[in-house]
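In what follows, a single structure is set out as structure tokens and then discussed.
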Amino acid sequence: MRRSYQSGGLALVSLASVVLYLSLHRRQLVPGTPAVAKDSRTTTLTDGTSTFLLNHSLYEAHFPHLQRYQCQEVIARDALCQGPARAPLLLLAIKSHPASGSKRAALRRTWARPAEVGGFWLQPLFLLGAASSDKDAELVGLESHTFGDILMWDFAESHHNLSLKERCFLRWVHQHCQRAAYVFKGRRTRSCAAGARPCSLRQAK
Ligand SMILES: *[C@@H]1O[C@H](CO)[C@@H](O)[C@H](O)[C@H]1NC(C)=O
Ligand SMILES: *[C@@H]1O[C@H](CO)[C@@H](O)[C@H](O)[C@H]1NC(C)=O
């Protein structure tokens with residue numbers, strides 16, 4: 001318990017630094033538009049320092065279901081996008097596994113809860129793929145009803161489908177949450193990527 005609160009505190013401190021960084025560098029963080037190369041079968045993606053050439057035919061050959069999948073939310077929460085109008089909305093998106101309810105509970109007890117910090121409204125949300133059992137699905141449903149911080153899609157939850165989570169989440173932000181000024185993405189339920197260093201959160205006993 002204690003450890004969880006300690007690391008939770010650490011996460012909050014790092015989060016506060018991120019918020020501070022964001023407020024200082026608001027202008028520079030505007031995302032660039034990917035450049036589509038002349039050959040339409042490749043796309044050049046750049047973040048300013050490195051460039052990645054995406055070969056569409058190779059990609060489609062290796063991961064056909066990633067191409068075909070149409071995002072379908074089974075739990076959609078448009079209310080996540082509210083919050084006081086005076087504060088810019090910062091979404092804290094945390095990829096999570098449907099069966100990891102106790103880890104989500106531990107995060108909610110520490111930093112993953114809606115709050116105003118440094119002039120930003122922080123709204124945590126957990127990103128989930130489909131539950132593999134009825135029991136997990138039922139528990140996630142109850143959790144979502146209680147906390148309202150879950151977005152869930154109907155693709156199978158698996159490591160290889162994580163990019164679907166990214167894509168569907170960005171689509172959701174675009175379609176339902178244009179109010180969001182910033183998105184801060186955590187990598188897993190147990191850790192949060194704050195600033196340059198990932199920080200681990202231990203599960204409360
Ligand atoms: C993309 O990959 C395919 C299959 O390996 C290859 O034939 C094609 O030349 C590649 N395209 C480019 C633009 O590199
Ligand atoms: C990813 O999700 C799709 C759609 O649910 C599923 O068909 C596919 O098997 C999943 N991939 C993996 C590797 O689990």
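Indexing begins at 1, ligand by ligand and atom by atom, following the structure's order. Bear in mind that the values here come from a model prediction, so they are computed numbers and not experimental data.
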Check: Are Y69 and F169 connected, step by step, through hydrophobic side chains (Ile, Leu, Val, Met, Phe, Trp, Tyr) whose heavy atoms are closer than 4.5 Å?
Finding: yes
Next item on the list: Verify the distance criterion only: is there a donor paired with an acceptor across the side chains of R41 and S57 at less than 3.5 Å?
Entry: no
Item checked: Exercise: do T42 and H56 side chains pair donor with acceptor under 3.5 Å -> no
Next item on the list: Could you pull out all residues at least two apart from L58 that satisfy side chain to side chain contact (heavy atoms under 4.5 Å, CB included)?
Entry: N55, H62
Note to self: Using a 4.0 Å cutoff against the non-hydrogen atoms of F155, which atoms of ligand 2 qualify?
What the structure shows: 2 (O), 4 (C), 5 (O)
Note to self: Please enumerate all residues that pass side chain to side chain contact (heavy atoms under 4.5 Å, CB included) together with D134, with sequence neighbours excluded.
What the structure shows: none
Note to self: What protein heavy atom lies closest to atom 1 (C) of ligand 2? Include the residue and the distance to one decimal.
What the structure shows: N161 ND2, 1.5 Å
Check: Under 4.0 Å from any heavy atom of H160, which atoms of ligand 2 are there?
Finding: 13 (C)
Next item on the list: Name the closest protein heavy atom to atom 5 (O) of ligand 2, giving the residue it belongs to and the distance to 0.1 Å.
Entry: A156 N, 2.9 Å
Margin query: Within the protein, is there a heavy atom lying under 4.0 Å from atom 7 (O) of ligand 2?
Written below: no
Notebook entry, point to check: Counting both backbone and side chain atoms, is some N or O of T42 under 3.5 Å from an N or O of ligand 1?
Noted result: no
Item checked: Heavy-atom protein contact below 4.0 Å for atom 11 (N) of ligand 2 -> yes
Next item on the list: Please check if any side-chain donor atom of D47 sits under 3.5 Å from a side-chain acceptor atom of T49, or the reverse.
Entry: yes
Notebook entry, point to check: For ligand 1, which atoms have a heavy atom of S57 less than 4.0 angstrom away?
Noted result: 1 (C), 2 (O), 3 (C)
Next item on the list: Just need the protein heavy atom nearest to atom 13 (C) of ligand 2, so name the residue and atom and give the distance.
Entry: S158 OG, 3.4 Å
Margin query: I need the minimum non-hydrogen distance between W153 and E73, along with the two atoms involved.
Written below: NE1-OE2, 3.0 Å
